[in-house]
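Excluded from the calculations below are hydrogen atoms, water molecules and symmetry mates; all remaining heavy atoms, backbone and side chain alike, are included. Along the sequence shown, the residues carry numbers beginning at 1.
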Amino acid sequence: MTLGATPPDPFDVVAEALKCPKESLSRESKMLRHHGWDSLGHVEIIEAIEEVLEVSIDDDEAWELRTMKAICEFFDRQSRTNGE
């Protein structure tokens with residue numbers, strides 16, 4: 001996935017990284033509780049986010065992105081930053 005004219009859907013990015021159905025994710029989904037979202041799955045998610053948003057995420061920020069809610073908020077912040 002690469003950044004295009006339409007902002008990427010964080011649920012698509014996470015579902016692809018975890019190889020799970022998008023419909024099985026919700027804003028309440030979180031690391032160690034859903035869809036094989038273990039430490040390796042988390043690395044896959046962070047790498048996918050970095051690729052699709054063309055950003056670099058430091059370790060502290062990556063640790064904060066342990067829920068779909070936090071990931072959605074991160075996507076929103078990036079969208080606002082890129083829209084300026």
Side-chain angles (χ1 to χ4, degrees):
M1 274 189 251
T2 57
L3 192 58
T6 304
D9 181 345
F11 289 94
D12 288 334
V13 175
V14 172
E16 185 174 315
L18 294 178
K19 297 174 180 49
C20 72
K22 174 183 172 179
E23 298 76 26
S24 68
L25 296 169
S26 72
R27 286 181 66 88
E28 288 75 37
S29 296
K30 52 182 79 172
M31 185 176 173
L32 302 178
R33 299 219 173 151
H34 294 92
H35 318 290
W37 191 345
D38 55 12
S39 58
L40 182 57
H42 192 65
V43 170
E44 296 290 329
I45 290 169
I46 297 303
E47 288 176 351
I49 293 170
E50 289 177 326
E51 180 182 333
V52 75
L53 295 180
E54 299 175 350
V55 297
S56 179
I57 301 172
D58 66 38
D59 292 342
D60 290 335
E61 190 166 33
W63 186 244
E64 296 298 319
L65 300 176
R66 294 175 294 171
T67 67
M68 275 307 305
K69 179 181 178 190
I71 290 170
C72 290
E73 290 168 354
F74 181 81
F75 271 69
D76 289 342
R77 285 191 307 275
Q78 291 299 313
S79 177
R80 285 192 304 271
T81 300
N82 292 333
E84 294 177 353

Note to self: Give me the atom names and distance for the closest heavy-atom approach of Arg27 to Cys72.
What the structure shows: NH1-CB, 3.2 Å
When the side chains of residues 40-50 are checked against the rest of the protein, which donor-acceptor pairs come out under 3.5 Å, sequence neighbours left out?
{"from": "His42", "atom 1": "ND1", "to": "Trp37", "atom 2": "NE1", "distance (Å)": "3.1"}
{"from": "His42", "atom 1": "NE2", "to": "Ala62", "atom 2": "O", "distance (Å)": "2.8"}
{"from": "Glu50", "atom 1": "OE2", "to": "Ile57", "atom 2": "N", "distance (Å)": "2.8"}

Next item on the list: Please identify each residue that fulfils side-chain contact (heavy atoms from CB on, under 4.5 Å) with Lys30, with sequence neighbours left out.
Entry: Arg33, His34, Thr67
Next item on the list: Quick one: pull up CH2 in Trp63 and CE in Met31 and give me the separation to the nearest 0.5 Å.
Entry: 5.0 Å
Checklist line | For the student: nearest non-hydrogen atoms of Leu25 and Ala15, plus distance | finding: CD1-N, 3.7 Å
Check: In Å, rounded to the nearest 0.5 Å, how long is the span from CG of Leu32 to OG of Ser39?
Finding: 7.5 Å
Next item on the list: Quick one: which residue pairs count as a salt bridge (charged side-chain N to carboxylate O under 4.0 Å, His left out) with a foot in residues 59-77, not counting sequence neighbours?
Entry: none
Next item on the list: Check Val52 against Pro8 and note the closest heavy-atom contact, atom names and distance.
Entry: CG2-CB, 3.8 Å
Margin query: Using the side-chain hydrogen bond (donor to acceptor under 3.5 Å, both in side chains) criterion, which residues pair with Glu23? Sequence neighbours excluded.
Written below: none
